[in-house]
Peer 1: 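One structure is given below, represented as structure tokens, and several questions about it will come after.
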There are 2 protein chains.
Amino acid sequence: MDGMPKLVTDLLMPDRDGGYAKGYETRELILRTALHILIEEGYRAMSMRRIAAACGMRLGNLTYHYPTREDLVRELLNAVISSYELEFGAIVHAPGLAPEERLMRLCSLIIEDIGSKKTTRLFPELWALANHDAFVYERVHELYDRARAPLVEIIAEMRPDLSEAHRLDLALFISASMEGLTVFAGYQMPFAQRMPAVEQIAIRSFIDIVRSYLPVL
Amino acid sequence: MDGMPKLVTDLLMPDRDGGYAKGYETRELILRTALHILIEEGYRAMSMRRIAAACGMRLGNLTYHYPTREDLVRELLNAVISSYELEFGAIVHAPGLAPEERLMRLCSLIIEDIGSKKTTRLFPELWALANHDAFVYERVHELYDRARAPLVEIIAEMRPDLSEAHRLDLALFISASMEGLTVFAGYQMPFAQRMPAVEQIAIRSFIDIVRSYLPVL
DNA sequence: GCATAAAATTGTCAACTGTCCTAAATTGGA
DNA sequence: TCCAATTTAGGACAGTTGACAATTTTATGC
């Protein structure tokens with residue numbers, strides 16, 4: 001399809017409870033196809049009929065597996081976000097390394113993912129949806145909470161003198177800084193080629209601020 | 001409506017060429033109403049009929065002023081983005097101040113704007129649209145180019161030793177960092193209350209990195 | 001105030017949307 | 001192998017969408 005690396009597996013399907021194997025495969029095809037349309041053409045184009053057609057199946061079959069569009073969207077988000085959670089859960093358990101080094105590697109991984117087509121295209125859609133849909137809002141920020149956790153841990157090692165709240169502030173800034181790169185240096189964005197340089201700046205900046213941050217009282 | 005400050009005037013209408021004053025007012029009402037729906041309910045809800053109804057007019061009249069939905073969206077984006085461009089064009093012409101001080105003020109203004117309901121809600125929609133619409137992509141990044149210009153200027157004063165490309169890299173990082181705050185600490189976002197603390201971290205971090213950045217060869 | 005350009009109304013069109021229902025085909029365990 | 005559960009097909013429904021055309025109403029320069 002696109003690039004080969006695929007940092008994050010596209011979808012993490014929920015466990016199959018009952019039903020035939022065929023149905024499970026069909027549901028996976030449906031969600032994968034829906035995700036593809038969402039990424040390539042946007043949320044507006046992701047209609048039930050459009051998904052069914054792209055799957056090569058009839059509308060009736062689609063609505064058999066996902067009775068309403070809301071059901072489909074919820075399951076799609078769950079599957080997509082779960083795959084990111086899985087990824088960030090398995091990351092950076094590299095003990096023995098200095099916290100600075102682990103911070104660098106973690107940020108590198110996140111920024112590399114931000115440069116991927118999937119993430120660059122998907123997350124702006126999620127951010128827009130989250131502004132008008134409580135379920136999406138909840139699920140997206142739950143993901144960010146988990147992605148921030150290892151960051152907070154590393155910061156805690158580097159700055160045991162700081163309160164938990166101040167560590168969170170630092171993690172928030174770092175997290176937000178990286179996410180913001182999506183729009184400017186993400187996949188096919190105007191400054192995608194500058195990503196390596198900006199990444200260096202970002203990581204240097206993050207280490208500096210974590211080392212030197214002195215909260216105002 | 002919401003908060004009173006209104007950093008950026010909502011819309012900058014194009015000059016009226018021909019037509020009655022009534023028509024001009026109607027077009028302004030249409031775009032203002034469309035923007036309101038876009039912010040409150042998202043792009044999907046912004047249908048021609050929905051806009052017409054919210055304006056208290058008939059669909060036929062709406063399509064008289066904007067024959068196609070695409071026309072309306074284009075004009076809306078032009079008007080909205082123009083108002084931001086006007087804002088950032090008139091900003092931070094405060095000579096006599098140290099560049100660090102001007103950098104701080106500029107970033108404060110941008111971050112304050114990011115915390116507003118309008119910007120927090122509007123820009124994620126624009127980012128998502130830009131991924132699937134060349135016109136929106138063009139217009140949004142044109143806006144960012146202009147918003148980055150004063151940043152690059154200040155960086156040039158602080159770091160005359162750097163090449164233009166490296167100044168741009170720094171400006172990109174700073175710009176992206178701030179935009180990223182939208183999702184985490186923007187209007188009604190989970191960490192909106194931490195915005196002041198994160199802003200302090202951001203600005204300290206920006207000044208540090210601009211002062212100390214040493215590009216790799 | 002009047003004539004005319006502009007604006008607004010009203011109704012219609014085909015295409016698309018999500019949801020639902022029934023019947024046929026398929027799957028996979030007994 | 002057979003049969004019941006599951007999956008798929010196919011059609012229908014009411015509602016919505018963007019676009020268009022004919023008509024009436026309103027605004028404004030002369």
Peer 1: Please report the distance, rounded to the nearest Å, between CZ in B/R49 and C1' in C/dC16.
Peer 2: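 Nearest whole value for this atom pair: 12 Å.
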
Peer 1: Collect all protein-nucleotide pairs involving nucleotides 23-30 of chain C in which both atoms are nitrogen or oxygen and the distance is under 3.5 Å.
Peer 2:
| residue | atom | partner | partner atom | Å |
| --- | --- | --- | --- | --- |
| C/dT27 | O2 | A/Y20 | OH | 2.9 |

Peer 1: Looking at residues at least two apart in the chain, or sitting in another chain, which of them share a side-chain hydrogen bond (donor to acceptor under 3.5 Å, both in side chains) with B/E153?
Peer 2: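 For B/E153, no residue satisfies side-chain hydrogen bond (donor to acceptor under 3.5 Å, both in side chains) once neighbours in sequence are set aside.
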
Peer 1: Using the test side-chain contact (heavy atoms from CB on, under 4.5 Å), find all partners of A/Q193 that sit at least two apart in sequence or belong to another chain.
Peer 2: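 With neighbours one apart ignored, the set is empty.
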
Peer 1: Name all residues meeting the side-chain contact (heavy atoms from CB on, under 4.5 Å) criterion together with A/Q188; count only those two or more places apart in sequence or in a different chain, and write none if there are none.
Peer 2: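 A/R121.
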
Peer 1: List for me each residue that meets side-chain contact (heavy atoms from CB on, under 4.5 Å) alongside B/L29, sequence neighbours excluded, and say none if there are none.
Peer 2: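 Listed in chain order: B/T33, B/C55, B/M57.
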
Peer 1: Walk along DNA chain D from 5' to 3' and tell me the first and last nucleotide with an atom closer than 4.0 Å to a non-hydrogen atom of chain B.
Peer 2: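 Range of nucleotides within reach of chain B: D/dT17 to D/dT28.
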
Peer 1: Can you list every pair that meets salt bridge (charged side-chain N to carboxylate O under 4.0 Å, His left out) and has a residue in residues 176-200 of chain A, with sequence neighbours left out?
Peer 2: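 Applying salt bridge (charged side-chain N to carboxylate O under 4.0 Å, His left out) to every pair that reaches into residues 176-200 of chain A, excluding sequence neighbours, yields A/R194-B/D169.
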
Peer 1: Of the residues in residues 58-69 of chain B, which ones touch DNA chain C at a heavy-atom distance under 4.0 Å?
Peer 2: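 Here the set is B/R58, B/G60, B/N61, B/Y64, B/H65.
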
Peer 1: Mind jotting down which residue pairs meet the ring pair (Phe, Tyr, Trp, His ring centres under 6.0 Å) criterion with at least one end in residues 112-132 of chain B? Sequence neighbours excluded, please.
Peer 2: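 Checked against ring pair (Phe, Tyr, Trp, His ring centres under 6.0 Å) - neighbours excluded - the pairs reaching residues 112-132 of chain B are A/W127-B/W127, B/Y84-B/F123.
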
Peer 1: Ignoring hydrogens and angles, write down the donor-acceptor pairs under 3.5 Å from the side chains of residues 70-81 of chain B, residues two or more places apart or on other chains.
Peer 2:
| residue | atom | partner | partner atom | Å |
| --- | --- | --- | --- | --- |
| B/D71 | OD2 | B/T68 | N | 3.3 |
| B/D71 | OD2 | B/T68 | OG1 | 3.1 |
| B/N78 | OD1 | B/R139 | NE | 2.6 |
| B/N78 | ND2 | B/R74 | O | 3.4 |

Peer 1: Can you tell me the distance, in whole Å, between the CE atom of A/M46 and the P atom of C/dT17?
Peer 2: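 Going from CE in A/M46 over to P in C/dT17 covers 12 Å.
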
Peer 1: How close or far is atom C1' of C/dC16 from atom CZ of A/R44, stated in whole angstroms?
Peer 2: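 Rounded to the whole Å, the gap is 11 Å.
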
Peer 1: Would you mind checking if A/R105 and A/E112 are paired as a salt bridge, meaning a charged N to carboxylate O distance below 4.0 Å?
Peer 2: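 Salt bridge flag = no for A/R105 with A/E112.
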
Peer 1: Could you list all the side chain to side chain donor-acceptor pair (under 3.5 Å) pairs where at least one residue sits in residues 45-55 of chain A, not counting sequence neighbours?
Peer 2: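 As it turns out, the side chain to side chain donor-acceptor pair (under 3.5 Å) pairs with a partner in residues 45-55 of chain A, which skip direct neighbours, are A/E41-A/R50.
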
Peer 1: With sequence neighbours excluded, tell me which residues meet side-chain contact (heavy atoms from CB on, under 4.5 Å) with A/A147.
Peer 2: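 Listed in chain order: A/F88.
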
